[in-house]
Amino acid sequence: MATPVQLPDGKQIACDLLSAALGGTALVVGELPEGDAFDEALATYSDGIVRVIRIGGTADLRGWSDSSARDRPRFSVDCYAPAKPALGAAMRLALRVRGEWEMLPGRSTADGVVTGTSEETGPQDRPEEPNTGVRRVGMTLGMSVRPPRSTS
């Protein structure tokens, strides 16, 4: 009997690979830290915080045991940075994330391999509540991931 293919966790792959690509200058998370922890993270990471949220996507399954099964998640990616001293810090982080995203095809984690990426909307302001001192720039990005090939 064929073993079902388990699709990789695209969100975790995206977070892991972006975190590695940004070299520790930004915190890459699936869920934002709350309250003081958010402020501490902004102060700790020189480029800011990147949040990756899965907002949809489709799977390409030809059969549960097909080794060519792929997942094509879509993500809302938000980049946070302090509004001062540099007003454009969040946009610079978003542009850097966008550039790193384009370089992900062919890269892998233990969970899966990125086979392609896409950009639906480029970096744009996503205003935070007034007077928070935080800027947010976001975009909608996609990727295609497949399970790692077994060596057996």
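What you see is a predicted model; the values in this text were computed from it and never measured.
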Trainee: Ignoring hydrogens and angles, write down the donor-acceptor pairs under 3.5 Å from the side chains of residues 27-40, residues two or more places apart or on other chains.
Mentor:
none

Trainee: Please check if any side-chain donor atom of Y80 sits under 3.5 Å from a side-chain acceptor atom of R135, or the reverse.
Mentor: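 Note: Y80 and R135 side chains miss the donor-acceptor criterion.
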Trainee: With side chains defined as the heavy atoms from C-beta onward, is the minimum distance between E119 and T117 less than 4.5 Å?
Mentor: no
Trainee: To check you understand the geometry: which heavy-atom pair defines the closest contact between R98 and G122, and what is its length?
Mentor: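 That closest heavy-atom pairing would be NH2-CA, 3.9 Å.
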Trainee: If we only count heavy atoms from C-beta on, is the V50 to V77 side-chain gap below 4.5 Å?
Mentor: yes
Trainee: Where is the tightest heavy-atom contact between K11 and F75, given as atom of each residue plus distance?
Mentor: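 Answer, listing the atom of K11 first, then F75: CA-CE2, 3.6 Å.
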Trainee: Check whether V52 and I49 end up in the same hydrophobic cluster, where Ile, Leu, Val, Met, Phe, Trp and Tyr are linked by side-chain heavy atoms less than 4.5 Å apart.
Mentor: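 Unlinked, V52 and I49 end up in two clusters.
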Trainee: Hey, what do you get for CG (L93) to CZ (R136), rounding to the nearest 0.5 Å?
Mentor: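 Nearest 0.5 Å value for the CG-CZ distance: 13.5 Å.
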Trainee: Does a donor on one side chain and an acceptor on the other come within less than 3.5 Å for S144 and T115?
Mentor: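 Judged by distance alone, the side chains do pair up.
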Trainee: Is M91 close to P123 at the side-chain level, that is, under 4.5 Å between some pair of heavy atoms?
Mentor: yes
Trainee: Working to the nearest 0.5 Å, report the span between CG of D111 and CD of Q12.
Mentor: 7.0 Å
Trainee: Without hydrogens or angle criteria, can the side chains of R51 and S76 be said to hold a donor-acceptor pair below 3.5 Å?
Mentor: no
Trainee: Quick check: do M139 and Q124 have side-chain heavy atoms less than 4.5 Å from each other?
Mentor: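 Heavy-atom side-chain distance check fails, nothing below 4.5 Å.
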Trainee: Would you say the side chain of R126 lies within less than 4.5 Å of the side chain of D78, judging by non-hydrogen atoms?
Mentor: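 Yes. Closest side-chain heavy atoms under 4.5 Å.
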Trainee: Where is the tightest heavy-atom contact between P148 and A110, given as atom of each residue plus distance?
Mentor: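 Reported closest heavy-atom pair: CG-O, 3.5 Å.
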Trainee: Stepwise, does the side chain to side chain donor-acceptor pair (under 3.5 Å) test hold for R96 with T25?
Mentor: CA-CA 11 Å; R96 185 169 174 212; T25 61; 2.9 Å; yes
Trainee: Look only at the side chain of D125 and the backbone of P127, and say whether a donor-acceptor pair between them is shorter than 3.5 Å.
Mentor: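 No, D125 side chain to P127 backbone: no donor-acceptor pair under 3.5 Å.
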Trainee: What distance separates D47 CG from L42 CG, expressed to the nearest 0.5 Å?
Mentor: 11.0 Å
Trainee: What's the shortest heavy-atom distance between G24 and Y45, and which atoms?
Mentor: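 Reported closest heavy-atom pair: O-CD2, 3.4 Å.
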Trainee: In Å and rounded to the nearest 0.5 Å, what is the SG to CZ distance from C79 to R92?
Mentor: 12.0 Å
Trainee: Using a strict threshold of under 4.0 Å (side-chain N to carboxylate O), is an ion pair present between R54 and D71?
Mentor: yes
Trainee: Taking the side chain as C-beta and beyond, is there a heavy-atom pair between V97 and L22 under 4.5 Å?
Mentor: yes
Trainee: Please report the closest heavy-atom contact between W101 and G142, naming both atoms and the distance.
Mentor: NE1-O, 2.9 Å
Trainee: What is the minimum heavy-atom distance between A81 and A90, and which atoms define it?
Mentor: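 Minimum heavy-atom contact is CB-N, 3.5 Å.
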Trainee: Quick one: pull up CD1 in I55 and CZ in R74 and give me the separation to the nearest 0.5 Å.
Mentor: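 Going from CD1 on I55 over to CZ on R74, the span is 4.0 Å.
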Trainee: Measure the CD1-OG distance between I13 and S108 for me, rounded to the nearest 0.5 Å.
Mentor: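 It comes to 8.5 Å.
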